[in-house]
Number of protein chains: 2
Amino acid sequence: MTSTAGRAPDAETAKISVAQRAIEQIKTMIAEGELRAGQRLPTERDFAAQLGISRSSIREAIRALTILGVLEIRHGAGVYVTSLRPDDLLETFGVVAEISRGQTLVELLQVRRALESAATAAAAARITDAELAEVRRHLERIGEGGSVEEMVAADRDFHQAIVRAAGNETMAAIVDGLSSMTFRARVWRGHHSSGAVSRLHQEHERIYQALAARDPEAARSTAATHVLEVETWLRANLGDD
Amino acid sequence: MTSTAGRAPDAETAKISVAQRAIEQIKTMIAEGELRAGQRLPTERDFAAQLGISRSSIREAIRALTILGVLEIRHGAGVYVTSLRPDDLLETFGVVAEISRGQTLVELLQVRRALESAATAAAAARITDAELAEVRRHLERIGEGGSVEEMVAADRDFHQAIVRAAGNETMAAIVDGLSSMTFRARVWRGHHSSGAVSRLHQEHERIYQALAARDPEAARSTAATHVLEVETWLRANLGDD
DNA sequence: AACAGCTAATTGGTATGATCACTTGTACTT
DNA sequence: AAGTACAAGTGATCATACCAATTAGCTGTT
């Protein structure tokens, strides 16, 4: 993929489909700066003719790259290259979390543990008062109780605000994709039915205190502990799949 | 009939495209176990009729999910659900690394630093003698010199073997996608022209020693230092984009 | 009966053209 | 001058035909 794109045109690309080749061509155009962020592509009809393939094929290529967050389609207006920023490109990452089951969910949480603890530590070192206040607001939303949906949304916003404060958009996009809403809901429901919600509250509070104290090491360990709690819960409830 | 009648009058699925709805339906079928790993889907013609859409549309949906690593198409044989394992689902992750530039590359390295240091620490705690020997082999391949391509391949194999030894396939797949071959080549060429290759060698050696000593903390810090070295180099050479 | 090779049915891949739906710019109306 | 209506451009969907790869079944030989 990386290596074969630019080189030997015949050997590698001979057997793959027309649409696949079109995908590679467009990717190469972007990688080499021929197509830039925000730029408009030729119309489907023109582009198909230009590449010597049918409209069906170029459409498949365009849709594939749209799925990957590289292109954006505006009905009636044309096809454009996205901003190519991490949050565009990593949107599909969430699909993994959505359809993963069993052991893979545990593995995903381990990834989240590594990333979120690093991000929370970084956030502690550079978070602004305004950002910290926002984190506080989400924390209080969680404490207010309410429907599971509201709790889940507040929970996500809490962690998202922290990770964003770390100043690494790429990491934020990945962490965000790692935990789907349906999975978060499962965790909350599970903790609710077992009366363990207070434990989550405590952990959130500790994370906030570490951030407020601008203590990276405390932030790192409290964040890791929090994800680990979810991890442990999941291991004990894997039978539900 | 399939979509609008079956569920709530969702404002969500009202405006999205036919193909997009088909994608969601297939994903839901997989998430709910209606479609299992390795299972075969109806033929394009049957499936299209079943969902009440055209073959073109179902094809777009199928291709999109193929790109995401969820489905696998076998020409003449049918469409199948993949293993749904992380290495299938995260293959597209590499696209981000391929087309990223500038600041995003730095951010990607920071993600890699967090993940690879965690994975290397885990590997130190559980690596087998056989796995350690494999790591050693790749390390010696790097030391032997040779073409840049060979060095790059050996470098990738070295890190890959370590991350795999951590026992988390998901993390391994992500880390693997984080560093494209073209980027690795850039790093090696850059260090070669500045005579700093020996620094990379030293770092690799230290990582290996930490693994051989089964010392997780040493493994964590040596791995982090190594990625940080690349990170620092990149910051100083961002003008090349 | 067992096996090899060929044939035909099955199924995905591509192409084409028609038609629908959305966006945008422009000319017209008020 | 502002707003509206229209028309051109462009993506969305569909239907159909034909090409290409695979698979299963048949045929023929041994």
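Chain letters run A, B, ... following the sequence lines, proteins first, then strands; residues in each count from 1.
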Problem set entry | From dT14(C), dT13(D), dT22(D), nucleotide with atom closest to R55(A) side chain | dT13(D)

Exercise. Hey, is the side chain of S54(A) poking within less than 4.0 Å of OP1 or OP2 on dT14(C), counting only N and O atoms?
Worked result: no

Problem set entry | Residue whose closest nucleotide on DNA chain C lies nearer the 5' end, I53(A) versus R74(A) | I53(A)

Problem set entry | Heavy-atom check, side chain of F158(B) versus side chain of V135(B), under 4.5 Å | yes

Exercise. Nearest-Å distance, CD1 (I58(B)) to C1' (dT14(C))?
Worked result: 18 Å

Exercise. Between the base of dG11(D) and the side chain of R45(A), is there a donor-acceptor distance below 3.5 Å?
Worked result: yes

Exercise. Tell me: CZ of R63(B) to C1' of dG13(C), nearest whole Å?
Worked result: 9 Å

Exercise. To the nearest Å, how far apart are E60(B) CD and dG12(C) P?
Worked result: 16 Å

Exercise. Between E24(B) and K27(B), is a side chain to side chain contact (heavy atoms under 4.5 Å, CB included) present by the stated rule, with each step listed?
Worked result: CA-CA 5 Å; E24(B) 299 298 337; K27(B) 268 202 310 191; 3.5 Å; yes

Exercise. Expressed in angstrom and rounded to an integer, what is the separation of E44(B) atom CD from dT16(D) atom C1'?
Worked result: 15 Å

Exercise. From the list dT13(D), dG13(C), dT22(D), which nucleotide is the closest neighbour of the side chain of S17(A)?
Worked result: dG13(C)

Exercise. With under 30° as parallel and over 60° as perpendicular, where do the rings of H191(A) and W233(A) fit, or are they tilted in between?
Worked result: tilted

Exercise. Which residue lies toward the 5' end of DNA chain C, T43(B) or A77(A), if each is placed at its nearest nucleotide?
Worked result: T43(B)

For this session: For a side chain to side chain donor-acceptor pair (under 3.5 Å) with D176(B), tell me which candidate from R164(B), R156(B), Q160(B) qualifies.
Result: Q160(B)

Exercise. Taking only N and O in the side chain of R40(B), is any of them less than 4.0 Å away from OP1 or OP2 of dT11(C)?
Worked result: yes

Seminar exercise, completed: Rounded to whole Å, the CD-C1' distance (E72(A) to dT10(D)) equals 15 Å

For this session: Measure from the side-chain heavy atoms of S57(A) and tell me the nearest of dT11(C), dT13(D), dT14(C).
Result: dT14(C)

Problem set entry | Whole-Å gap separating P (dT11(C)) and CZ (R59(B)) | 15 Å

For this session: Could you give me the CA-CA distance, side-chain angles and deciding distance for M181(B) and V152(B), then say whether side chain to side chain contact (heavy atoms under 4.5 Å, CB included) is met?
Result: CA-CA 7 Å; M181(B) 296 297 270; V152(B) 167; 3.9 Å; yes

Exercise. So, does the side chain of H75(A) form a donor-acceptor pair with the base of dA21(C) at under 3.5 Å?
Worked result: yes

Seminar exercise, completed: Sorted by position of nearest nucleotide on DNA chain D, 5' first, the leading residue of S56(A) and I73(A) is I73(A)

For this session: Whole angstrom is fine here: how far is it from CG in L71(B) over to P in dG12(C)?
Result: 12 Å

